[in-house]
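Structure record follows, encoded as structure tokens.
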Number of protein chains: 2
Amino acid sequence: MTLKKAPDSPSSLDEQCCAITRALAQIGDWWSLMIIRQAMHGTRRFSDFQQQLGIARNILGDRLKRLLAAEVLRKVDVGEHGTRFEYRLTEKGRDLFVVLTALRQWGDRWILADQPPLVMRDRATGRAVQPVQVLDADGAPLRLHQVVVDEPSLPAPSLPGEAPTGTV
Amino acid sequence: MTLKKAPDSPSSLDEQCCAITRALAQIGDWWSLMIIRQAMHGTRRFSDFQQQLGIARNILGDRLKRLLAAEVLRKVDVGEHGTRFEYRLTEKGRDLFVVLTALRQWGDRWILADQPPLVMRDRATGRAVQPVQVLDADGAPLRLHQVVVDEPSLPAPSLPGEAPTGTV
DNA sequence: TATATCTGGTTGTTATTTGCAACCATATGC
DNA sequence: GCATATGGTTGCAAATAACAACCAGATATA
């Protein structure tokens, strides 16, 4: 993973259409996602990230720098006299909560593990959160093959997951 | 990104608690996610993935192999006489729809681009899908700081995004 | 039949990235 | 003054990725 695509020819769907590409360019690598996950668990300090994740310090430094540049984290000076820092999630970073939650639920659903799934609860009511879904305007769950994307002045290539067997 | 964590010491939250780690081990790198995205757009053939993504062929081969092993894709022989193959999403793969949708919405919301956001619509009604959210049992949206995780026999470390300023 | 082409790869060969360890600099504690 | 903790940076060996060339079976074309 290069984190920056070789920008030789922005192919039709690649750079052009998709915010997924842009999103992955900012947070789409293993360590960045692990750092964000850890930050959502409350970790804030360089040393704590390093110990909890077992990441090399130079890589951690690099990723933190990237996440600061992307404004997913911000660096706060918490030194009583000036040499303690904390890396905290910004609003943009916190907004990844739904992405990581969807990813975790997917892992719990599809990847067997000795451990039971991590149950997440509403702090106020104590009730478990729902599975994250894509919902239509009425709140009904939508599956991949039920959606189409706006593609102005094109025959609107749908998003089939499993459809005809024909060529291409 | 190594795709497999150096498993020296499974630190408290790392391998132990989190399906995110397991999920990322299967699909958590740039190219795997791009391939899955492309597959959701209808791409199925080796050459088509290669051209549309601009990925090196050996890397594509490696990632397809991984995704087959993870049962995110399955390989279908569509050769009229035996030499055409298609890589199609499995149910497990299609279930990543919500993850990629959440990621794309995040990118559209937070990363400026010349292009307008890609609007996704219910194929049946033509109405735009809702933003993906984490919902409580009553269907009300939950934010990061409103949830806690079950941590049996532990003081239930919450998931604060931005809380006290104290040390550690 | 001979040749060319298309699909679906594999095998090198470099260039980049990672992980490890050592080092540095400031601030504080003993 | 000396040791320790925090928050990094710098070198270096090893693993990965990107690029290009090659290969093999099946059609397609002459």
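In what follows, chains carry the letters A, B, and so on, assigned in the order in which the sequence lines appear, proteins first and then strands, with residues in each chain numbered from 1.
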Starting from P on C:dG8, measure out to CG on B:Leu53 and report it in whole angstrom. 15 Å

How many whole angstroms separate atom CD of B:Gln50 from atom P of C:dT10? 14 Å

Rounded to the Å, how far apart are B:Asp29 CG and C:dT17 C1'? 14 Å

Minimum-distance pair of heavy atoms, taken over all atoms of B:Phe97 and A:Leu142: CE2-O, 3.8 Å

Of the nucleotides D:dA17, C:dG19, C:dT18, which one has an atom closest to the side chain of A:Arg63? C:dT18

Indicate yes or no: does B:Arg127 engage A:Asp136 in a salt bridge with an N to O separation below 4.0 Å. no

Nearest whole Å is fine: how far is D:dA17 C1' from B:Arg66 CZ? 11 Å

Atom of B:Pro141, atom of B:Gln146 and distance for their closest heavy-atom approach: O-OE1, 4.0 Å

So with a 6.0 Å cut-off around CD of A:Glu71, is the heavy-atom count from everything else above 12? no

Let me know the distance between CD1 of A:Ile55 and P of C:dT18, rounded to the nearest Å. 9 Å

Out of curiosity, A:Asp122 CG to A:Gln130 CD, how far, rounded to the nearest 0.5 Å? 11.0 Å

Looking at every heavy atom in both A:Arg104 and A:Leu118, which two are closest together, and how far apart are they? NH1-O, 3.7 Å

So which protein N/O to nucleotides 5-9 of chain D N/O distances come out below 3.5 Å?
unit_1 : atom_1 : unit_2  : atom_2 : d
D:dG7  : OP1    : A:Arg45 : NE     : 3.1
D:dG7  : OP1    : A:Phe85 : N      : 3.0
D:dG7  : OP1    : A:Phe85 : O      : 3.4
D:dG7  : N7     : A:Arg57 : NH2    : 2.9
D:dG8  : OP1    : A:Lys75 : NZ     : 2.9
D:dG8  : OP2    : A:Tyr87 : OH     : 2.5
D:dG8  : N7     : A:Arg57 : NE     : 3.1
D:dG8  : N7     : A:Arg57 : NH2    : 2.7

For D:dA18, does OP1 or OP2 lie under 4.0 Å from any side-chain N or O of B:Trp31? yes

For A:Leu60 and D:dT10, what is the distance between atoms CG and P respectively, to the nearest whole Å? 16 Å

Interatomic distance where CD1 belongs to A:Ile59 and P belongs to D:dT10 [whole Å]: 14 Å

